[in-house]
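Report on one structure; see the data block that follows.
Chain letters run A, B, ... following the sequence lines, proteins first, then strands; residues in each count from 1.
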Number of protein chains: 2
Amino acid sequence: MNKIELKTPYLVFLGDANDLLMAKVAKGVAHWRPEKCLAQYRLPGAKADLGLAEMSPREAAACGAKTFILGLAPVGGTLPLAWIDILIEAMEAGMDVASGLHMRLNDIPELVAAAQRTGQNLLDVRVPQGPMVCGTGLPRSGKRLLSVGTDCCVGKMFTTLAIHREMELRGIPATFRATGQTGILIEGSGVPVDAVVSDFISGMVETLSPDNAPDHWDIIEGQGSLLHPAYAGVSLGLLHGAQADVIIVCHEAGRTQMDEMEGFSVPDLQTTIDINLTMGRVTNPDIRLGGIALNTVNLSEEEALAEIARIEKQFGVPVVDPVRTGVSKIVDGLTEVCYA
Amino acid sequence: MNKIELKTPYLVFLGDANDLLMAKVAKGVAHWRPEKCLAQYRLPGAKADLGLAEMSPREAAACGAKTFILGLAPVGGTLPLAWIDILIEAMEAGMDVASGLHMRLNDIPELVAAAQRTGQNLLDVRVPQGPMVCGTGLPRSGKRLLSVGTDCCVGKMFTTLAIHREMELRGIPATFRATGQTGILIEGSGVPVDAVVSDFISGMVETLSPDNAPDHWDIIEGQGSLLHPAYAGVSLGLLHGAQADVIIVCHEAGRTQMDEMEGFSVPDLQTTIDINLTMGRVTNPDIRLGGIALNTVNLSEEEALAEIARIEKQFGVPVVDPVRTGVSKIVDGLTEVCYA
């Protein structure tokens, strides 16, 4: 097995978070995978609330929880002693501990010792699980959709989670394939592609999305952008390994400067579409644009709908804001092509 | 320091190699950097010969050798006990040991213990040295040339080493920047980009090729191909991090199938040029094609010269076979533009 796999159900830890902005990952897990969340565990004074049952590690384990989810970073960056004790308690109660933090739980000797003593696993989901393999480029059965972007942080994960959910609601066989730490904690499995050694990016994405039934969709979370000066290599390896049949281009309406990249403009939609289709053809000659997901958070409702209509007319594919309009138009387009 | 750095001069180990094909890396080091090679060390029965003085580790260290170069893999793949003893002897004599092998010397407890005892370094040049940094895309002073390819194993390293040597002969300030294990052993420093975690490819190449004098050339060894189904992510991160002013496209005349990639055709030169210039513009809007290096090993002299002339006419840039014709035409073209 060379992807990360979390046992379910989860006990979701909220620490002493004051609001769900501090606990974004925990919120994402509870929002997208409520069926995997048995309960939440909060420290005294915490105001954030996922609306789940309140349980201690021991109570949750007794009710069948298998993994303790550490999805929020402590204030200040270092793990407080009290949290370490909680993680040890979780393992002693019989749970694995999964973390999406930058710091590695496996670098903390007390936690490693407790994991060995209890036989539980410390799962740092930012750390890829071996063995690493190189890409083959060989075609695989089943259908694949990949979100790509004009930039980082434009809604690629949200878009794919929403498309996956819409497909599930319609009874279309589909699997969400996570490629980043938040997506992995939400789905409970995946490959953190930006942490994979560069020789193996495509190969690990091939592994993440293996052969499947002809009518099955892998909905693959995108990363970065082919036109990003720092992270394009990740995006290209992901595109080639995914062998995407369909790309959904994600863009934030009105963003002109790249996120955290001084002096770099966000490329336009046409350029982004063209380069993704051109490069994607290397491993899938039939790759096509399935729609555009526009993040219109900074527009009024009226402006947003006008912008969506304008871009839809320009490109002739379904355009949505996954938050504002949902993604059903995109899924309509995919199923028309598939089942027509 | 986040690139690998080897101390000079070297004692080059040839083991019991029967010919220089078995000792390709050792041969490359002696060919391209004779000034760094103090001596060779051969085991009884070895027939391979670099034409260097013969010295044991103790003799070489006494004459000032600083690094013992292990550039050839043992037959069978595992390091024989006798070789381990030799590496320990080299460290005890006062040398670092540098290896380009797949297996890591730092995974062999006896060697690690000897390194600690002697204070010498075990340098696995396939393992990147931290700290890892992300790309910034910020412009850097100085000029940069990068070799790119239509495929793997078409002569990208050879081409850049030849251009670097030609520039040195002409007194043009230039540095060879190695990005693979053989190149690193030859140059004595570099970053093994295919072993860098994918988030950091561009950033580490930026580090490898820092600000320099306006008339100085960094001659950067390319890797893979933007159109390769397995390794394109490495190539793209390298292209973006290099911020190349000039690319030299490397191609093997007559190769139609990609190396070790069943079912994948080698892309044509025009496609390869176009995609590299398009993607390269993300971090250097002035990127241009400086020439084409054609590997004509499978053609007769007559065929080769005809093919070179044909391609030169087609693309209007200098076309060379670095082995057959040398690279002076390419360097002429670069210096005309620079110093005109």
Margin query: Taking atom CZ as the centre, does B:Arg104 end up with more than 12 heavy-atom neighbours from other residues, nucleotides or ligands that are less than 6.0 angstrom away?
Written below: no
Item checked: chain A contact via B:Leu227 - side chain, backbone, both or neither, heavy atoms under 4.5 Å -> both
Item checked: With sequence neighbours excluded, residues passing side chain to side chain contact (heavy atoms under 4.5 Å, CB included) with A:Gln181 -> A:Val125, A:Arg126
Next item on the list: List the atom of A:Leu226, the atom of B:Met279, and the distance in Å for their closest heavy-atom pair.
Entry: O-CE, 3.4 Å
Item checked: Option in A:Gly203, A:Cys134, A:Gly224 with maximal non-hydrogen atom pairs under 4.5 Å from chain B -> A:Cys134
Next item on the list: Select all residues of residues 183-199 of chain B having any heavy atom within less than 4.5 Å of some heavy atom of chain A, and report them by number, or 'none'.
Entry: B:Val193, B:Asp194, B:Ala195, B:Val196, B:Val197, B:Ser198, B:Asp199
Note to self: Can you give me the closest heavy-atom contact between A:Ser202 and B:Pro229, atom names plus distance?
What the structure shows: OG-O, 3.4 Å
Check: When only heavy atoms count and the cut-off is under 4.5 Å, which of residues 250-277 of chain B reach chain A?
Finding: B:Met261, B:Glu262, B:Phe264, B:Ile275
Margin query: At under 4.5 Å between heavy atoms, what parts of residues 230-246 of chain A are in contact with chain B? List them by residue number.
Written below: A:Ala230, A:Tyr231, A:Ala232, A:Gly233, A:Val234, A:Leu236, A:Gly237, A:His240
